[in-house]
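Lettering follows sequence order; numbering is per chain, from 1. Only this structure's heavy atoms are used, side chains among them; waters, hydrogens and symmetry mates stay out.
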Amino acid sequence: MTMTDYYTLGDPVADTKAPDGPIETRWERRRFGAKLVNPANKRKLTVLVVGTGLAGGSAAATLGELGYQVKSYCYQDSPRRAHSIAAQGGINAAKNYRNDGDSVHRLFYDTVKGGDFRSRESNVHRLAQISTQIIDQCVAQGVPFAREYGGLLDTRSFGGAQVSRTFYARGQTGQQLLLGAYQALERQIAAGTVTMHDRHEMLELIIVDGRARGIVVRDLVTGEISTEFADAVVLASGGYGNVFFLSTNAKGCNVTASWRAHRKGALFANPCYTQIHPTCIPVSGDHQSKLTLMSESLRNDGRVWVPKAKGDDRVPADIPEDERDYYLERIYPAFGNLVPRDIASRAAKNVCDEGRGVGPGGLGVYLDFAAAIGRLGRDAVEAKYGNLFEMYERITGEDPYSTPMRIYPAVHYTMGGLWVDYDLQSTIPGLFVIGEANFSDHGANRLGASALMQGLADGYFVLPNTIGDYLAAGPFPKLDGENAEVAEARKLVEDRIEKLLSINGDRTVDSIHRELGRIMWEYCGMERTDAGLRKAISEIRELKAEFWQRAKVPGDGEGLNQSLERAGRVADFFELAELMCIDALHREESCGGHFRAESQTEEGEAERDDERFSYVAAWEFGGDLPVLHKEELTFDYVHPSQRSYK
Amino acid sequence: MSLKLRIWRQADAADKGSMVTYQLQNVSPDMSFLEMLDVLNERLTLDGEDPVAFDHDCREGICGMCSLVINGIPHGPEKATTTCQLHMRHFSDGQTIDIEPWRAAAFPVVKDLVVDRRAFDKIIQAGGYISAPTGSAPDAHATPVPKADADLAFEAATCIGCGACVAACPNGSGMLFTAAKITHLGLMPQGQPERNTRVIDMINAHDEAGFGGCTNTGECTSVCPKGIPLETISRLNKDYRQALRAAS
Ligand SMILES: Cc1cc2nc3c(=O)[nH]c(=O)nc-3n(C[C@H](O)[C@H](O)[C@H](O)COP(=O)(O)OP(=O)(O)OC[C@H]3O[C@@H](n4cnc5c(N)ncnc54)[C@H](O)[C@@H]3O)c2cc1C
Ligand code: SF4
Ligand code: FES
């Protein structure tokens, strides 16, 4: 098949909201240019916020403080359980408290470069500017960040940055930041500005007269379907890494909210940009339900190796030094074990593909602390990594003090997401998208500790300022269930539930999802090829047909039915998976987390093609034939260069 | 290994519920407890039976969603371990395992092993926060916080809101959870202005939400996956007395 059998080309898109002129004052000028809503009118305006993670929680709380009527939704039993809670390492901010040369400009520069020149300069610069306010805000809320003896905030350097700008709370930074946002949210719930709808899942977007005006939700406890109306809708529903079945995401993470909006016209940008984290605990068997991340900090002291010989199945202690291949140190002498995430991940895949992997199925490499223990002593290693070693032992039953850890890459984060302009508004008027659910700031690769920063920047500071410009034209006409567009959205949801429940096949939803995950991991994971992606697309299409014929979804729609919830999410993952592969197929270059085997340097490094691909790929829903809209990227402040870590 | 599982089945809040026995073969010791239940559910689904409903999300011990009483102990036999982090290697071939939901007046059963814990959110709404509207914050270094206080506050703030403490308590008290938040916020300088009202409001909300009183049995802390210590409750009591004095 030729490329045109996979997609068609539409008109280019442009971000019309970002002011031009000096980058340093763009955000200030945009805020000044935005219309304001008079305080008395805010009470008459309703905003729905789907998601209560760092992005949604902070947005709902702040919009409530501003005086809007907010309704907040999450699928868990409490807003505090959003998957932001699991973030470990930390959050970046250009405070320059260390006086080590950090600045807004440097954080901006590092993020654009880290994203491999596939993000927008305007957005990234704003993110870097806001980063400092986030730390102030969180400290004021009582977030117990790590501190030094003098009582000031401690920082560390993270993910290859040469300055120390990562603020943290032991290995639980996400938890502490989320609890801060959650508490601010609960305060607004008590004040009556926000109403909380936990155990509710958004299943459809309601568009009336071209504007996003509400959502269709299912009460997961009673099964009741209801339509909720508003003047604007905010999606903060997180990332879609679970399309791979196995990932470091929580079991419930899904693409449904975004996908439903996409089907209704919101463009989906760069779906193929996936971050694969190099240090996760490997799969232990077919029962595996998720993967657990081991902090990247381990690579500061652990040495990565595999046996030199193929199929060497001796226990690690029996493999003598000269029969071990410390491959990262060998290939990348300058950075060694500390090369960036994508490079470390791919190198692990390569040695395993050569048949030198260790552990069950040969899908693992050793991360060895023997040298560090020899050099620093066991106590020092324990002080630094004790909790991680414990976690490893709890999961694997092996003691990493006496035998090397086994690690393997796993899907961790999705840079792609719904397309938004500088105001974080999607291509559907009145639909805003924040946090991991949008595509905005990380380009083709996200730097460590920058997702938390982005989620909170969007929720606390950007959206509450930009949404007013849209809402100033409201309140919009009242709606009810009689409205044809509302009734249609509701019917879509009811029909789909009925369809899922009536398949009554002979395969469980999980078994099909697992198979989808295997296809994605094999062909749209760490390394992608033209032939592989074509194969993946046809296999996904076959499996999707099988899903709708053979899936077995027990029970009914009348009450708590976790199988039904999963089935709906997997159905949407199928459509997303196809689009991810088409996006990966069309992007015939390597950039960031997207490695196309055909586009590499002689040394086997990723090779970008700025001539042809310096754009955001924003896809319009078109069933089997999506439409590509390109947003050209321009770089006025950071000059594109090829990354090198040799 | 093979196991005999006795699991609490309850169709909905109104149903009486009962223990139902299932045999499960070929359980791998490397499975997590929840993966073992996944396997059971796959089988039940294919056999045309209703799979067992249970809460979970992160499966790495941090979201606080998983909540099973295993052989009579909330989160099971391993110390400082949530249900989702518990692995089958801690059980033996042929063992009988009882699996039940949290049982407490404030946490009604929704279905099977799923309970409603929103009473915890009510306690936080009453005052489990520091009022700091977005945009109002001074520079983060304006107020240094002694490291010892920050570290202690952090320890208390690691509570995941799972509710095991309530499930373990003979009185169904939510005092350890409440005390963890009082301790966290009370140790931070930013938390001082609301310190007195916070403790009174949160304790009132705790009682109104249907939790029992604390009689210092200490069962809570022994099952707490995050090791929140009993001293946090002493701290809460001290703060409470002080707040009452200040109010009178
Ligand atoms: C293990 C792990 C460690 C990480 N560590 C770091 C780190 O150290 N530093 C860093 O910067 N980043 C880190 N990240 C990335 C970062 O945590 C996430 O990108 C970020 O927290 C996402 O926040 P969010 O608010 O966009 O989404 P989430 O926190 O995922 O929240 C999504 C919300 O949407 C709701 N939702 C979803 N779908 C629906 C629906 N259909 N209907 C209703 N509600 C719905 C959910 O209930 C939830 O409330 C880590 C990620 C993982 C997985
Ligand atoms: S105090 Fe411990 S047991 Fe109680 S909710 Fe918090 S983490 Fe769970
Ligand atoms: S599932 Fe999140 S703590 Fe167990």
Query - Shortest non-hydrogen contact from Leu153(A) toward Ala140(B) - result: CD1-CB, 3.7 Å
Report summary line: Closest non-hydrogen atoms of Tyr182(A) and Ile124(B), given as atom of the first, atom of the second and distance, are OH-CG1, 3.6 Å
Query raised in the report: Does any heavy atom of chain A fall under 4.5 Å from the side chain of Val145(B), the backbone, both, or neither of them?
Result: both
**Report entry** Option that, when pairs with chain A are counted at under 4.5 Å, heavy atom only, ranks first among Ala153(B), Pro138(B), Gly191(B)
**Finding:** Pro138(B)
Query - Spacing of Thr45(B) atom OG1 and Asp506(A) atom CG [to the nearest 0.5 Å] - result: 12.5 Å
Query raised in the report: Which answer fits Glu155(B), side chain, backbone, both or neither, if we ask what part of it has an atom under 4.5 Å from a heavy atom of chain A?
Result: side chain
Requested in this report: Would you check if Gln141(A) and Tyr129(B) make a side-chain contact, meaning some heavy-atom pair closer than 4.5 Å?
Outcome: no
Query raised in the report: Is a side-chain donor-acceptor pair under 3.5 Å present for Thr292(A) with Glu60(B)?
Result: no
Query raised in the report: With a 3.5 Å cut-off and no angle check, do the side chains of Arg118(B) and Ser78(A) form a donor-acceptor pair?
Result: no
Query raised in the report: Do you know which of Arg187(A), Gln183(A), Glu65(A) makes side-chain hydrogen bond (donor to acceptor under 3.5 Å, both in side chains) with Ser131(B)?
Result: Arg187(A)
Requested in this report: Please indicate whether Asp93(B) has more than 12 foreign heavy atoms, meaning atoms of other residues, nucleotides or ligands, lying under 6.0 Å from its CG.
Outcome: yes
Report summary line: Answer key: most heavy-atom pairs under 4.5 Å with chain A among Pro146(B), Ala53(B), Ala126(B), Pro29(B) is Ala53(B)
Report summary line: When the 4.5 angstrom heavy-atom criterion is applied to Arg89(B) and chain A, the contacting part is side chain
Query raised in the report: Do Lys290(A) and Asp57(B) meet the salt-bridge criterion of a basic N to acidic O distance under 4.0 Å?
Result: no
Requested in this report: Could you pull out the closest heavy-atom pair between Arg394(A) and Thr81(B), with the gap in Å?
Outcome: NE-OG1, 3.6 Å
Query raised in the report: Any side-chain heavy atom of Gln85(B) within less than 4.5 Å of one from Ile395(A)?
Result: no
Query raised in the report: Do you know which of Ser28(B), Gly161(B), Gly61(B), Ala150(B) has the most heavy-atom pairs under 4.5 Å to chain A?
Result: Gly161(B)
**Report entry** Pairwise side-chain contact, Glu42(B) with Arg507(A), heavy-atom cut-off 4.5 Å (strictly under)
**Finding:** no
Query raised in the report: Got a donor-acceptor contact below 3.5 angstrom from the Lys111(B) side chain to the Leu560(A) backbone?
Result: yes
**Report entry** Carboxylate-amine/guanidinium proximity below 4.0 Å for Asp139(B) and Lys95(A)
**Finding:** yes
**Report entry** Per-residue contact mode, Val52(B) against chain A (heavy atom under 4.5 angstrom)
**Finding:** backbone
Query raised in the report: Given that the side chain runs from C-beta out, which part of Lys122(B) has a heavy atom under 4.5 Å from chain A: side chain, backbone, both or neither?
Result: neither
Query raised in the report: Can you tell which of Gln125(B), His184(B), Met188(B) has the highest number of heavy-atom pairs within less than 4.5 Å of chain A?
Result: Gln125(B)
Requested in this report: Verify side-chain contact (heavy atoms from CB on, under 4.5 Å) between Gln76(A) and His56(B), making sure each step is shown before the conclusion.
Outcome: CA-CA 9 Å; Gln76(A) 295 93 341; His56(B) 64 98; over 6 Å; no
Query raised in the report: If you count heavy-atom pairs under 4.5 Å between each of Gln190(B), Glu35(B), His87(B), His141(B) and chain A, which one has the most?
Result: His141(B)
Query raised in the report: With a 4.5 angstrom heavy-atom cut-off, which part of Pro51(B) approaches chain A: side chain, backbone, both or neither?
Result: side chain
Query raised in the report: Considering only heavy atoms, which portion of Val115(B) lies under 4.5 Å from any heavy atom of chain A: side chain, backbone, both, or neither?
Result: backbone
Report task. Tell me, for Ile160(B) versus chain A, whether the close heavy atoms (under 4.5 Å) come from the side chain, the backbone, both or neither. Result -> both
